Number of protein chains: 2
Amino acid sequence: MNELLKQNISKNATFSETELEEFCKHFKLKYFKKKEYLLKQGDVCRFEGFVLNGCFRIFTFDQKGNDNTLYFAAEDWWLMDNDSFMHQSPSHLNIQALEDSEVLMINRTDKLMLYEKLPVVEKLFRVMSQKALVAWQRRLIRNHCETAKERYQNFVSTYPDISSKITDKQMASYLGITHEFLSKIKKR
Amino acid sequence: MNELLKQNISKNATFSETELEEFCKHFKLKYFKKKEYLLKQGDVCRFEGFVLNGCFRIFTFDQKGNDNTLYFAAEDWWLMDNDSFMHQSPSHLNIQALEDSEVLMINRTDKLMLYEKLPVVEKLFRVMSQKALVAWQRRLIRNHCETAKERYQNFVSTYPDISSKITDKQMASYLGITHEFLSKIKKR
DNA sequence: AAAAAAAGTTGAACTAGTTCAACTCTCCGG
DNA sequence: CCGGAGAGTTGAACTAGTTCAACTTTTTTT
């Protein structure tokens, strides 16, 4: 039973020892090489992942072919396409390893079974989703009221570990600006 | 027991008749006059609301004093500040009636009790939150890859009912542009 | 270690969106 | 029904961010 996963869960719900064990035993350790895809746009998402180490980028190609980064997932983050997982529809997202990484993965069947078997699992993901929702709302507001330079500086100071692992191009795609402009921001 | 609430719940979870009744009986009908606040920035959110009719605007004042609209909630939408409700911390959000409105409201104590008593309530809000999460992710992407004009047109065609109830100033604040620029967009 | 590919830099010209100020229109409160 | 406040419009000057193209640097592949 993995200690990091255990701690992560405990932040959001109170599991008994047996519940924790029952929950964790469905996760299997998988390795991803740098640049390898955990999910590709068009595929159906049949799993959920929890990052033990390494880093992933979650992004999508829009109609115009630009790549938009939704977020980065390093150690202690969860990975999945909620939409595709829920409806078993083709995913709009790509999830790609930015470096060699280790992920604990649970498949969809097991997760659905756990929702049924352990009510506390419903609570766990309810709380996780509500917290994530708040974070997305805040990010949208910040995109409206802060300049690109402010957003860049905030990101670097909030996530120094992630900032050091990603290229400027990926950073720009996360901030919603061109990489040329990011280069000009950094110069000053 | 309100029919609209019942239908809304049934979209996201399967309640038995008794569960539905137990759940719904904690909601009380409240009336809000045009311009009245259901929640003010700085207050603690101790309730959750479900709009029966009318319309609300959920917005926040940023550091620079600009008002940013997160979303509008008309008939069949839920209303609350997840962050403030969860942590009982002062809210960053304002929720104001744009017209005379009716809302079914449940207080925090009852809602927390229902989470304990009826496991299906956990599921309901877990599913609702996950769907909302997907919607916020999509909105952020669209803000990056669409122009203000495109976002305006998409909003009007997706939510014609809401569009007709709000002022251009409120629309601009939702789109993340100035109302002067919205006026220029509409002119063309 | 060489070649190829990708990432980053820089400048010039451009455009989407802002700011400010002046004006008009609408609608609601006394 | 009048007065005032807020909503909407318009123009001119501005700025944040884009686009394109040429170039350098770094990383990856062989």
Side-chain angles (χ1 to χ4, degrees), chain A residues 32-37 54-55 57 59 61-69 72 94 96-101 140-156 162-188, chain B residues 32-37 55 57 59 61-69 72 94 96-100 140-156 162-188:
Chain A
F32 291 88
K33 291 233 154 173
K34 184 170 181 170
K35 293 196 176 165
E36 201 176 331
Y37 283 84
C55 190
R57 183 168 75 102
F59 64 103
F61 289 104
D62 62 36
Q63 309 86 329
K64 295 158 197 164
N66 300 315
D67 116 359
N68 285 94
T69 298
F72 301 99
N94 299 282
Q96 188 186 27
L98 297 183
E99 55 183 39
D100 293 356
S101 306
L140 191 102
I141 296 286
R142 273 198 238 104
N143 270 332
H144 283 170
C145 69
E146 290 175 6
T147 64
K149 189 177 187 172
E150 288 168 336
R151 279 179 279 144
Y152 168 69
Q153 290 168 336
N154 290 342
F155 185 82
V156 173
I162 290 179
S163 303
S164 67
K165 292 178 174 187
I166 66 179
T167 65
D168 282 2
K169 221 175 165 182
Q170 292 163 346
M171 171 77 83
S173 146
Y174 175 87
L175 297 173
I177 57 176
T178 59
H179 67 284
E180 291 96 329
F181 189 56
L182 177 56
S183 172
K184 284 163 196 170
I185 285 174
K186 291 178 79 173
K187 202 177 152 192
R188 286 168 228 162
Chain B
F32 291 87
K33 292 231 153 173
K34 185 170 179 172
K35 292 195 179 167
E36 201 178 331
Y37 282 84
C55 190
R57 184 168 75 100
F59 64 102
F61 290 104
D62 62 36
Q63 310 86 330
K64 295 160 196 163
N66 300 314
D67 117 357
N68 285 95
T69 299
F72 301 98
N94 299 281
Q96 188 186 26
L98 296 183
E99 55 185 38
D100 293 356
L140 192 102
I141 296 288
R142 274 198 238 103
N143 270 332
H144 282 171
C145 68
E146 290 175 6
T147 64
K149 187 174 187 172
E150 288 167 337
R151 279 179 278 143
Y152 168 68
Q153 291 169 338
N154 289 343
F155 185 82
V156 172
I162 291 178
S163 303
S164 66
K165 291 178 175 190
I166 65 179
T167 65
D168 282 3
K169 220 175 166 181
Q170 292 163 346
M171 171 76 84
S173 145
Y174 174 87
L175 296 173
I177 56 175
T178 59
H179 66 285
E180 291 97 330
F181 189 56
L182 178 55
S183 172
K184 284 163 197 170
I185 285 174
K186 291 177 80 173
K187 203 177 151 191
R188 286 169 230 162

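These values consider heavy atoms only, across backbone and side chains, with no hydrogens, waters or symmetry-generated copies. Chain letters run A, B, ... following the sequence lines, proteins first, then strands; residues in each count from 1. Because the structure is a prediction, the values reported are computed rather than measured.
DNA chain D lies under 4.0 Å from at least one heavy atom of each of the following residues of residues 166-173 of chain B: T167(B), D168(B), K169(B).
Here L140(B) contributes atom CG and L140(A) contributes atom CG; the two are 5.5 Å apart, rounded to the nearest 0.5 Å. Distance CZ/F59(A) to CD/Q96(A): 5.0 Å, rounded to 0.5 Å.
When the C1' atoms of four end pairs are superposed on the next four at each end of the helix from dA1(C)-dT30(D) to dG30(C)-dC1(D), using five pairs per end, the two resulting axes differ in direction by 60°, to 10°.
Partners of K165(B) under the side-chain contact (heavy atoms from CB on, under 4.5 Å) rule, at least two apart in sequence or in another chain, are C55(B), E99(B). In this structure S173(A) satisfies the side-chain hydrogen bond (donor to acceptor under 3.5 Å, both in side chains) test together with D67(A), T69(A), sequence neighbours excluded. Scored by the ring-ring contact (aromatic ring centres under 6.0 Å, His included) test, Y152(A) finds no partners at all (sequence neighbours excluded). The ring-ring contact (aromatic ring centres under 6.0 Å, His included) check on Y37(B) picks up nothing, with sequence neighbours excluded. Residues that satisfy the ring-ring contact (aromatic ring centres under 6.0 Å, His included) test with F181(B), not counting sequence neighbours, are absent from this structure. Every residue two or more places apart in sequence or in another chain that forms a ring-ring contact (aromatic ring centres under 6.0 Å, His included) with F72(A) is listed here: Y174(A). Listed by chain and residue number, nothing satisfies the side-chain contact (heavy atoms from CB on, under 4.5 Å) test with K187(B) (two or more places apart in sequence, or in another chain).
Among residue pairs with one or both ends in residues 142-154 of chain A, those qualifying as salt bridge (charged side-chain N to carboxylate O under 4.0 Å, His left out) are E150(A)-K64(B); sequence neighbours excluded.
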Pairs: protein N or O with nucleotides 14-21 of chain C N or O, under 3.5 Å:
from	atom 1	to	atom 2	distance (Å)
dG17(C)	OP1	A148(B)	N	3.2
dT18(C)	OP2	T178(B)	N	3.1
dT18(C)	OP2	T178(B)	OG1	3.1
dT19(C)	O4	K184(B)	NZ	3.2

Could you pull out the protein-nucleic contacts involving nucleotides 26-30 of chain D (nitrogen or oxygen on both sides, under 3.5 Å)?
from	atom 1	to	atom 2	distance (Å)
dT28(D)	OP1	K34(A)	NZ	2.8

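Heavy atoms only, all atoms of each residue included: I177(A) and I185(A) are closest at CD1-CD1, 4.0 Å.
Of the possible donor and acceptor atoms, one in the side chain of D100(B) sits under 3.5 Å from a partner among the backbone N and O of K34(B).
Contact check for H144(A) versus N66(B): no side-chain heavy atoms found under the 4.5 Å cut-off.
With rounding to whole Å, E99(B) atom CD is found 15 Å from dC27(C) atom P. Put simply, NE2 on H179(A) is 10 Å from C1' on dA6(C), counting in whole angstrom units.
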